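Given the structure is predicted, the values throughout are model-derived calculations rather than measurements.
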Amino acid sequence: MYFFVEQAFKATSQEATKISLAYSKPPAPSEEDCQKLSDGLLNAILAASTLYYSLPKEHGTTLRRTVRQAVADVIEGTMQLIDVILSARIQSLSQEQLVSTGSVWEACDNFAQIPKDNRAAVLGIVSGYLGVVKDALEEMEEALAGGEDPFSDVLDDDDMGARGNQDTYWSEADRRLIAPCLGLMKASKACLKKVLGSLKAHGKVETPEQVAQLDDLADITQEVSPSVDELALSIYPPMNHPTVRLNAAKLSSVLKKVLEITSVSHVCPDTESSWIQFLHSAIDHNMNKVKSLTQDAL
């Protein structure tokens, strides 16, 4: 089936090129030629869309979402190209029309790189989540390395109103609370990294149950990055300790769900159980420290 979808995408690229060239210089195509060009592009897009809908649901929700997005990107790019052509005067091939045509080509070419099964689709998704969490952790570590004032690189030293405001600084109590929060963020990174490794080593799509388990992992790991972001944002001064505690608890809960779903899936044989237990302990340790340090703030 993928061969036919890829052919449909290639046809869409070719038809988009034809219509773009036809409207790149005067005279405009005749009404008959315009109809032929429009029909050719429409049929190519409909072919790609129809083949997506023929992809069995049993192949996995994550895979279907990925293919659907690829089709949507092509449709969106084509609509943008048509809008540019309709709004431009036919004198010469404009930069905007060139860019729009190139966007359709790129969207069509990208189909060759999309995953071919649910395992590959989930691997790509989780890898992306891991990258976002890594970035958030690095940003927070850089802010902490800047000393007491995390805004030193964005506030002007001459702005005494802002610089003299203690709301832009971390107190000693804040810094004590940041340590276990940073520990939870590091546990998030380690958790996604380990899940990704287990997916690569043990992930399968041989049965409907295995496919569904991979979809469950994709769905739950999606919650990690937003939870990390919420905790990271609440750490910046002025810190509200009850809010930090709440966001830390949310992240802790999400991470435990990830570990729970992973532990009962086929990607976690007995050989993988040790890191599950270790991360459980690390999450509990850091969360207990957060609770202890924020008890008086409740």
Given side chains that start at C-beta, do those of [X] and [Y] come closer than 4.5 Å, heavy atoms only?
{"X": "Pro269", "Y": "His202", "value": "yes"}
{"X": "Asn240", "Y": "Ser234", "value": "no"}
{"X": "His280", "Y": "Leu259", "value": "yes"}
{"X": "Leu255", "Y": "Leu279", "value": "no"}
{"X": "Thr262", "Y": "Trp275", "value": "yes"}
{"X": "Asp174", "Y": "Tyr169", "value": "no"}
{"X": "Asp117", "Y": "His59", "value": "no"}
{"X": "Val71", "Y": "Phe111", "value": "no"}

[X] versus [Y], closest heavy-atom pair with distance:
{"X": "Ala70", "Y": "Phe9", "result": "O-CE2, 3.9 Å"}
{"X": "Glu141", "Y": "Lys186", "result": "OE2-CE, 3.4 Å"}
{"X": "Val290", "Y": "Thr294", "result": "O-OG1, 2.7 Å"}
{"X": "Leu293", "Y": "Leu177", "result": "CD1-CA, 3.8 Å"}
{"X": "Ser265", "Y": "Leu217", "result": "OG-CD1, 4.2 Å"}
{"X": "Pro29", "Y": "Cys34", "result": "CB-N, 4.2 Å"}

If a pair satisfies salt bridge (Lys or Arg N to Asp or Glu O under 4.0 Å) and one of its residues is in residues 273-288, list it, with sequence neighbours excluded. Lys256-Asp284

Once you round to the nearest 0.5 Å, how far does [atom1] of [X] lie from [atom2] of [Y]?
{"X": "Leu192", "Y": "Lys194", "atom1": "CG", "atom2": "NZ", "answer": "13.0 Å"}
{"X": "Thr101", "Y": "Lys18", "atom1": "OG1", "atom2": "NZ", "answer": "14.5 Å"}
{"X": "Cys181", "Y": "Asn286", "atom1": "SG", "atom2": "CG", "answer": "8.5 Å"}
{"X": "Trp105", "Y": "Ser100", "atom1": "CH2", "atom2": "OG", "answer": "11.5 Å"}
{"X": "Leu144", "Y": "Trp170", "atom1": "CG", "atom2": "CH2", "answer": "4.5 Å"}
{"X": "Leu251", "Y": "Ser188", "atom1": "CG", "atom2": "OG", "answer": "4.0 Å"}

After noting the C-alpha distance and the side-chain angles of Asp73 and Gln69, does the key distance pass the side chain to side chain donor-acceptor pair (under 3.5 Å) rule? CA-CA 6 Å; Asp73 288 343; Gln69 186 58 54; 2.8 Å; yes

Taking [Y] as the starting point, is it possible to reach [X] by hopping between hydrophobic residues whose side chains are less than 4.5 Å apart?
{"X": "Val74", "Y": "Tyr53", "value": "yes"}
{"X": "Leu246", "Y": "Ile235", "value": "no"}
{"X": "Val99", "Y": "Ile82", "value": "no"}
{"X": "Leu86", "Y": "Ile45", "value": "yes"}
{"X": "Ile261", "Y": "Ile283", "value": "yes"}

[X] and [Y]: side-chain donor and acceptor closer than 3.5 Å?
{"X": "Asp215", "Y": "Asn118", "answer": "yes"}
{"X": "Ser24", "Y": "Gln97", "answer": "no"}
{"X": "Asp33", "Y": "Ser30", "answer": "yes"}
{"X": "Asn110", "Y": "Glu106", "answer": "no"}
{"X": "Gln210", "Y": "His266", "answer": "no"}

Residues in side chain to side chain donor-acceptor pair (under 3.5 Å) contact with His285, at least two apart in sequence or another chain: none

For Glu32, give me all partners under salt bridge (charged side-chain N to carboxylate O under 4.0 Å, His left out), at least two apart in sequence or on another chain. Lys36

Just by distance, do the side chain of [X] and the backbone of [Y] share a donor-acceptor pair under 3.5 Å?
{"X": "Ser252", "Y": "Ala249", "result": "no"}
{"X": "Glu272", "Y": "Val267", "result": "no"}
{"X": "Arg119", "Y": "Gly203", "result": "yes"}
{"X": "Ser253", "Y": "Lys250", "result": "no"}
{"X": "Arg64", "Y": "Leu55", "result": "yes"}

Atom CD of Gln113 with >12 non-hydrogen neighbours under 6.0 angstrom: yes

Is atom CD of Glu76 surrounded by more than 12 heavy atoms (other residues, nucleotides or ligands) closer than 6.0 Å? no

Less than 4.0 angstrom from a charged side-chain N to a carboxylate O is my criterion; do Arg175 and Glu172 meet it? no

For a side chain to side chain contact (heavy atoms under 4.5 Å, CB included) with Ile276, tell me which candidate from Cys268, Cys191, Ser198 qualifies. Cys268

Could you walk me through whether Ser49 and Ile75 pass the side chain to side chain contact (heavy atoms under 4.5 Å, CB included) check? CA-CA 9 Å; Ser49 302; Ile75 294 173; 3.8 Å; yes

Residues in side-chain contact (heavy atoms from CB on, under 4.5 Å) contact with Ala47, at least two apart in sequence or another chain: Ala8

Evaluate the criterion salt bridge (charged side-chain N to carboxylate O under 4.0 Å, His left out) for residue pair Arg65 and Asp219; output intermediate values, then yes/no. CA-CA 12 Å; Arg65 286 175 186 160; Asp219 289 342; 3.1 Å; yes

Kindly list each side-chain donor-acceptor pair under 3.5 angstrom involving residues 125-138, sequence neighbours excluded, with atom names and distances?
none

Without placing hydrogens or testing angles, list every side-chain donor-acceptor pair under 3.5 Å for residues 223-231, not counting sequence neighbours.
from	atom 1	to	atom 2	distance (Å)
Ser227	OG	Glu223	O	2.9

Show the numbers, then the answer: is there a side chain to side chain contact (heavy atoms under 4.5 Å, CB included) between Glu58 and Val211? CA-CA 8 Å; Glu58 293 76 16; Val211 171; over 6 Å; no

Could you walk me through whether Thr62 and Leu214 satisfy the side chain to side chain contact (heavy atoms under 4.5 Å, CB included) test, starting with their C-alpha distance in whole Å, then the side-chain angles of each, then the deciding distance to 0.1 Å, before giving a yes or no? CA-CA 8 Å; Thr62 308; Leu214 295 182; over 6 Å; no

